[in-house]
Amino acid sequence: MTGPEVVPAAVAAAAVTDPELPMLTLADLGILRGVEESAGAVTVRITPTYSGCPAMEAIRADLIGALRRAGHRRVEVRTVLDPPWSTDWITPQGRRKLAAAGIAPPGPAPRRSPGPVPLTLGARPAPVPCPRCGQPDTERLAAFGATACRELRRCPGCREPFEHVKEI
Amino acid sequence: MSFDDAYAALTDHQDDTRWAYGTGFSDPLAGVPTDVPGGVDAADLTAYCLMLGDDALIMSHRLQQWVTRAPELEDEMALANIALDLLGQARLLLTRAAQAEGAGRDEDDLAFRRDAADFRHVRLAERADADFAHLVARLLVFVTWRLAVLDGLRGSRDPVLAAIAAKGVKELTYHREYAAQWVVRLGDGTAESHRRMRAAMHAVWPAIGELFRPHPVPDRLAEAGVAVPAAAARAEVDAVLSQVLAAAGLPPPTATDGGATDGGAGRDGAHTAALDEILAEMQGVARATPGGLW
């Protein structure tokens, strides 16, 4: 059954890429929460980035397909909701890959203080440097981008528009 | 597995399970423990998750109707994103409701095969928007209220509800910033935008009272440490709305009760004709082709 061609489940699962940010693996993105092998069965735990992330179906199918190709026949993919995903879980390698693809990686996720969530009304957030020319601050064009996790920005230096992964 | 772009990744597959619609989607709570905590009434938990899930489902549908009609492409993307987040919250909550009910139903049964009188959302969610100012006024009230409620639910004794809430709070914080900034921009804009934003706040105001109306289900669950009482979110909502109105230069509307709850409340299944219109659109395909996959 487990011939030399079998790739360890943790290695195969960690190499699966995100369908919407294909430069990142699930491990880079921090949504792969665990891979366990027991008695010939593999259990993979993943967490969604956002509640409505439509990529979860594709990620589930990709994981099962990749693990089967790696020689694992019995695969279960489980959803983990707690603790909720944070952009702080994107690995340093993931951040480098985002920047190399022209997407500004997130800064530190907002810290929660006791009491109600404050409404900032556009109070100046931390500056986002341009991933192309390195200009230290850029302007936001739209708070919501092509996917739930990204916003649109523009660099006043090189005039290029770019995407930024929102801190969450 | 590595691909140069997302399109290559999508077209590589031999099967097309990912393109399934409706019942082809997998359980969004797959692998999450389904037990109802001890001392919690399963019927109440079912009813409460339906309330919160229906709020999100119906509001999401109303937002989706703005796609292709918003003033700017960026706002269509924002509204579509907010609608998608709410739809995700609805899927999780309806799935949790179905689990707690234990009658073999799933999220699709609850979304597509229930009649209007079985929906439990507040009437605020189903209202039609006369213009963009009405939309952002209604969105501001809805997401401000929902953020306050879900923030209180992060400590729920039901671990599934607590996890759904913790995730939702992060999303709703972005939604509230978006809606609040539009209310300020229009209220503090031209004489025409001010007039219309003021009219929109005035129009939505009577629907606010229903949000805090005591209801036996959340009140009982609050005693069991599972829910927050309906009235509990009021102080936070009032404070945030006052902050936004002040920044927008809009006078505070009056009369926060009555109006929208005449003839019963959405939490008890008393809805307006607006819901019939929504369900005809939202459920039409699923009802016409039961079990259909494509």
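Both backbone and side-chain heavy atoms feed into the values below; hydrogens, waters and symmetry mates do not. First the proteins, then the strands, lettered A, B, ... as listed; each starts at 1.
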ask   = Nearest heavy-atom pair of N81(B) and A148(A): which atoms, and what distance?
value = OD1-CA, 3.2 Å

Residues of residues 87-107 of chain A with any heavy atom under 4.5 Å of a heavy atom in chain B = none

note = By residue number, those in residues 47-54 of chain A with heavy atoms under 4.5 Å from heavy atoms of chain B are P48(A), T49(A), Y50(A), S51(A), G52(A), P54(A)

request  = With rounding to the nearest 0.5 Å, note down the distance linking CG in L119(A) to OG1 in T173(B).
outcome  = 9.5 Å

ask   = Only one of L172(B), V240(B), V169(B) clears side-chain contact (heavy atoms from CB on, under 4.5 Å) with V117(A); which?
value = V169(B)

key: E139(A) CD: over 12 foreign heavy atoms closer than 6.0 Å   = yes

note = Highest number of heavy-atom pairs under 4.5 Å with chain A among Q243(B), Q89(B), E74(B) belongs to Q243(B)

key: Residues of residues 79-86 of chain A contacting chain B, heavy-atom criterion under 4.5 Å, by residue number   = T79(A), L81(A), D82(A), P84(A), W85(A), S86(A)

key: Heavy-atom pair of closest approach, residues L121(A) and A247(B)   = CD1-CB, 3.7 Å

query = Of the backbone (N, CA, C, O) and the side chain (C-beta and beyond), which part of R45(A) lies under 4.5 Å from a heavy atom of chain B, both, or neither?
reply = neither

task = Just say parallel, tilted or perpendicular for the rings of F144(A) and Y178(B), cut-offs at 30° and 60°.
result = perpendicular

query = Salt bridge or not for E177(B) and R140(A), using N-O below 4.0 Å?
reply = no

Per-residue contact mode, D85(B) against chain A (heavy atom under 4.5 angstrom) = both

message = Can you tell me which portion of A143(A) sits under 4.5 Å from chain B's heavy atoms? Options are side chain, backbone, both or neither.
response = neither

query = For chain A, which of G88(B), S60(B), G152(B), A80(B) has the most heavy-atom pairs under 4.5 Å?
reply = G88(B)

message = Counting only non-hydrogen atoms closer than 4.5 Å, does V32(B) touch chain A with its backbone (N, CA, C, O), its side chain (CB onward), both, or neither?
response = both

remark   = Whatever's closer than 4.5 Å to a heavy atom in chain A on L84(B) counts as both

ask   = Minimum heavy-atom separation for M77(B) to L152(A), with atom names?
value = CE-CD1, 4.4 Å

message = Within residues 155-168 of chain A, which residues come under 4.5 Å of chain B, heavy atom to heavy atom?
response = K166(A), E167(A), I168(A)

inquiry  = Are R112(A) and R154(B) packed together at the side-chain level, in the sense that at least one heavy-atom pair is separated by less than 4.5 angstrom?
reply    = yes

